[in-house]
Number of protein chains: 2
Amino acid sequence: MAVRLMAAGVRLDRASEVHFSRFGLSTGRYRLLVDLEDSDGEKSPSRLAKSLGVSRATVTGLVDGLEREGLVTRRASTEDGRGAVVVLTARGAQRLRDMAADHFARLQALVGGLTADERGLFLDLLERITQGIGALTAE
Amino acid sequence: MAVRLMAAGVRLDRASEVHFSRFGLSTGRYRLLVDLEDSDGEKSPSRLAKSLGVSRATVTGLVDGLEREGLVTRRASTEDGRGAVVVLTARGAQRLRDMAADHFARLQALVGGLTADERGLFLDLLERITQGIGALTAE
DNA sequence: AAAGAATTATTAGGGGCCTAACTATTTGGG
DNA sequence: CCCAAATAGTTAGGCCCCTAATAATTCTTT
């Protein structure tokens, strides 16, 4: 059962990469862009790492890629000499707008096989399983 | 909702890596070992790729790692001049036995929060969502 | 039987993720 | 005030996974 959940997770993850690659993004880069958009277009790498649930080193890599494509910019923080700020560019914001319709249509199709009640139930069960994940890493 | 499923999948995947790393394995290498065990200890790379749902190139990498640790061996196929056969070594079989108790105890704890009925329900819903995954890659 | 198509495994190169180590800066306790 | 500890970002190196290209072999088709 854990095996099937993992398999489903991996398949979804794999399909996501295909989906996002149509827009020149990856799942990680897309998530970073959305996070940035939700933060008025500016956020430090370490705060991004925390909210995305990945390491700071991973954020460095994602930002490298996004910067190369001009979807994001880096600048030094004015308050903290150590800090940096990642800034969403106009091009980056446009990219998100461009993919919105297709993205949400596909998400809709993904969960369309379930009723609203079933979705709620599923999320509840998923939540409880998620809590058990700690058992794998305990000790 | 797809987001949460993906997040759960990723978290489980991440936790799995931690779990398997205790035995010097990764999720992929463990799955390959089990697959091999279920096939009387011998199987070709391409059949492994198919049953594991990864590319042949990935199997090459996994076998490289397992061979380096002496858990697996390669030999040429006798029937097909192109083919190879991956063979589970005694050490590989032993590794699986060594981790069995801990592995199943943790799996048990993972799904322990749900009743048998709930697990069945969850798997059913998961199955139906899995069918929707195609929507992400369609066209 | 011979040429072209398909299949097998591998290599090369890429992306995403990680941990550990490094540099620069800020913070906080004595 | 000063020095140790914490924090910020990056780099280096590793693993897993992918696609595309490669060489060897087998199959198919005429």
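Just so we're on the same page: letters track the sequence lines, and every chain starts at 1.
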| Neighbours of DNA chain C within residues 57-70 of chain B, by heavy-atom distance under 4.0 Å | B/Ala57, B/Thr60

| query | How many Å lie between CG on B/Leu48 and C1' on C/dT10, as a whole number? | reply | 15 Å

| query | With the sugar-phosphate defined as primed atoms, P, OP1 and OP2, and the base as all remaining atoms, what B/S/- string results for nucleotides 21-29 of chain D, 5' to 3', for protein heavy atoms under 4.0 Å? | reply | ---BBS---

| Is a side-chain donor or acceptor of B/Arg31 paired with a backbone partner of B/Leu52 at a separation under 3.5 angstrom? | yes

| field | Sorted by number, the residues of residues 30-47 of chain A with heavy-atom contact under 4.0 Å to DNA chain C | value | none

| task | Would you mind reporting whether B/Arg74 and B/Asp64 have side-chain heavy atoms less than 4.5 Å apart? | result | yes

| message | Is any side-chain heavy atom of B/Val85 closer than 4.5 Å to one of B/Ser44? | response | no

| Is a donor on one side and an acceptor on the other found under 3.5 Å between the side chain of A/Ser39 and the backbone of A/Asp35? | yes

Identify all side-chain donor-acceptor contacts of residues 77-84 of chain A below 3.5 Å with residues at least two apart in sequence or on another chain.
from	atom 1	to	atom 2	distance (Å)
A/Ser77	OG	A/Glu79	N	3.2
A/Ser77	OG	A/Asp80	N	3.1
A/Asp80	OD1	A/Arg82	N	2.9
A/Asp80	OD1	A/Arg82	NE	3.1
A/Asp80	OD2	A/Arg82	NH2	2.9

| query | Are B/Arg95 and B/Glu37 ion-paired here, with the side-chain N under 4.0 Å from a carboxylate O? | reply | no

| task | Please list, chain by chain and in numerical order, all residues satisfying ring pair (Phe, Tyr, Trp, His ring centres under 6.0 Å) with B/Tyr30, sequence neighbours excluded. | result | B/Phe20, B/His103

| task | Return the set of residues passing side-chain hydrogen bond (donor to acceptor under 3.5 Å, both in side chains) with B/Glu69 (not counting sequence neighbours), or none when no residue passes. | result | none

| Closest contact, heavy atoms only, A/Arg119 versus A/Val111 | NH1-O, 3.1 Å

| query | How many Å lie between CD on B/Glu17 and C1' on D/dC15, as a whole number? | reply | 8 Å

| said: Please report the interatomic distance CZ(B/Arg22) to CG(B/Asp98), rounded to the nearest 0.5 Å. | reply: 14.5 Å

| query | CG of B/Leu25 versus C1' of D/dC16: gap in Å, rounded? | reply | 14 Å

